[in-house]
K.L.:
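Quick one: the structure is below, and I'll ask about it shortly.
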Amino acid sequence: MSLRHILLHPDPRLKTVCKPVGAIDDTLRRLAEDMLETMYDAPGIGLAAPQVGQMIRLLVMDCVKDEDAPPRPMVLLNPEVTWSSEAESTYDEGCLSIPDHYAEVTRPAEVKVRWTGLDGAGHEEHFTGLWATCVQHEIDHLNGRLFIDYLSPIKRGMITRKMEKLKRERARLA
Ligand code: K1U
Ligand code: ZN
């Protein structure tokens, strides 16, 4: 397994709608393993394929918070929200592609999501709490949408300018 480089906003690949996953082969299994390792290393609770420059509809997540509980690494191929609750929930979201910036985002509190697993089988699950927030954040990535797109243009512009500065500084030091 290896760590993948996480793209930083602004990057056109983070604004692109991803293509459905086709064949489930060793290359795809390797990407999913690498993404889980990259997510745990960051650390984060989710990661979507475009964040590592792969423009396909694949996401990984593990929102288990209790350090004594076993981890629950999940790999979702071609995920689709099949139902969203009327009730909403607000969470102070972060993003591994926009490090050190957090903002409150309001989303449906519960969602049902259907996806294909790495074994090719179909799955459907009802997500609540942080899992529901995270899976919606990751599906947004597959549609070229970032959490800052829910903010006002002024707040989004401030974060984008700070990220441009960070990227210039990192490029200068590289
Ligand atoms: O998609 C990503 O960029 C990952 C992102 C997922 C996410 C966070 C918060 C709400 C919705 C989705 C992160 O994992 S940011 C890091 C983070 O939230 C975290 C890191 C360590 C421990 C707990 C949380
Ligand atoms: Zn993100």
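Here, residue 1 is the first one in the sequence, and each next residue gets the next number. Order of listing sets the numbers, starting from 1, for every ligand and every atom in it.
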K.L.:
Can Lys15 and Asp149 be counted as an ion pair, charged N to O under 4.0 angstrom?
P.N.:
yes
K.L.:
So, does Pro43 sit close enough to ligand 1 that a heavy atom of it is under 4.0 Å from the ligand?
P.N.:
yes
K.L.:
Taking the Zn ion (ligand 2) as the vertex, what is the angle from NE2 of His141 to SG of Cys95, given to 10 degrees?
P.N.:
110°
K.L.:
To check your reading of the model: name the closest protein heavy atom to atom 10 (C) of ligand 1, its residue, and the distance in Å.
P.N.:
Glu93 CG, 3.7 Å
K.L.:
If you measure every N or O of His137 against every N or O of ligand 1, does any of those distances drop under 3.5 Å?
P.N.:
yes
K.L.:
Please determine if Ile45 has a nitrogen or oxygen closer than 3.5 Å to a nitrogen or oxygen of ligand 1.
P.N.:
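Yes, since at least one N or O of Ile45 sits under 3.5 Å from an N or O of ligand 1.
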K.L.:
Going by distance only, is there an N or O of Leu47 that falls short of 3.5 Å from an N or O of ligand 1?
P.N.:
no
K.L.:
Is it true that Asp26 and Arg30 make a salt bridge, defined as a side-chain N closer than 4.0 Å to a carboxylate O?
P.N.:
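Looking at Arg30 together with Asp26, the answer is no, because their closest N to O distance does not fall below 4.0 Å.
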K.L.:
Say whether Gln51 and ligand 1 are in contact under the criterion: heavy-atom distance to a ligand atom below 4.0 Å.
P.N.:
yes
K.L.:
Is Leu96 linked to Leu36 within one hydrophobic cluster, defined over Ile, Leu, Val, Met, Phe, Trp and Tyr using a side-chain heavy-atom separation of less than 4.5 Å?
P.N.:
yes
K.L.:
Looking at Trp131, I'd like to know if the NZ or CZ of Arg72 sits under 6.0 Å from its six-membered ring centre while staying within 45 degrees of the ring's axis.
P.N.:
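Checked: cation-pi criterion met.
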K.L.:
Which part of Glu138 is near ligand 1, with near meaning a heavy atom under 4.0 Å away: side chain, backbone, both or neither?
P.N.:
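The part of Glu138 near ligand 1 is the side chain, not the backbone.
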K.L.:
Report, as yes or no, whether the 6.0 Å neighbourhood of atom CE on Met158 holds more than 12 heavy atoms from other residues, nucleotides or ligands.
P.N.:
no
K.L.:
Run the side-chain hydrogen bond (donor to acceptor under 3.5 Å, both in side chains) test on Tyr91 and Arg107 for me, step by step, so that the C-alpha distance in whole Å, both residues' side-chain angles and the decisive distance to 0.1 Å come before the verdict.
P.N.:
CA-CA 8 Å; Tyr91 191 85; Arg107 301 178 184 274; over 6 Å; no
K.L.:
For atom 3 (O) of ligand 1, what is the nearest protein heavy atom, given as residue, atom name and distance?
P.N.:
Leu96 N, 2.7 Å
K.L.:
Is the contact between His141 and ligand 1 made by the side chain, the backbone, both, or neither, using heavy atoms and a 4.0 Å cut-off?
P.N.:
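For His141, the contact with ligand 1 is made by the side chain alone.
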K.L.:
Which heavy atom of the protein is the closest neighbour of atom 9 (C) of ligand 1, given with residue, atom name and distance?
P.N.:
Gly94 N, 3.7 Å
K.L.:
Give the numbers and elements of all ligand 1 atoms closer than 4.0 Å to a heavy atom of Cys95.
P.N.:
3 (O), 15 (S)
K.L.:
With a cut-off of under 6.0 Å to the ring centre and 45° to the axis, is Arg156 in cation-pi contact with Phe147?
P.N.:
no
K.L.:
Is any heavy atom of the protein nearer than 4.0 Å to atom 22 (C) of ligand 1?
P.N.:
no
K.L.:
Do Thr82 and Glu124 meet the criterion of a side-chain donor-acceptor pair at a distance under 3.5 Å?
P.N.:
yes
K.L.:
For Val60 and Val75, work out which heavy atoms get closest and say how close.
P.N.:
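Scanning both residues, the minimum pair turns out to be CG1-CG2, 4.1 Å.
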K.L.:
Give the atom numbers and elements of ligand 1 that come within less than 4.0 Å of a heavy atom of Gly46.
P.N.:
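Listed by number with element, the hits are 1 (O), 2 (C), 4 (C), 14 (O).
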K.L.:
Report the name of the N/O/S atom of His137 located nearest to the Zn ion (ligand 2).
P.N.:
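That would be atom NE2.
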K.L.:
For side-chain hydrogen bond (donor to acceptor under 3.5 Å, both in side chains), just list the numbers for Gln51 and Ser97, CA-CA rounded to whole Å, side-chain angles, deciding distance to a tenth of an Å, and then say yes or no.
P.N.:
CA-CA 7 Å; Gln51 293 181 277; Ser97 296; 3.0 Å; yes
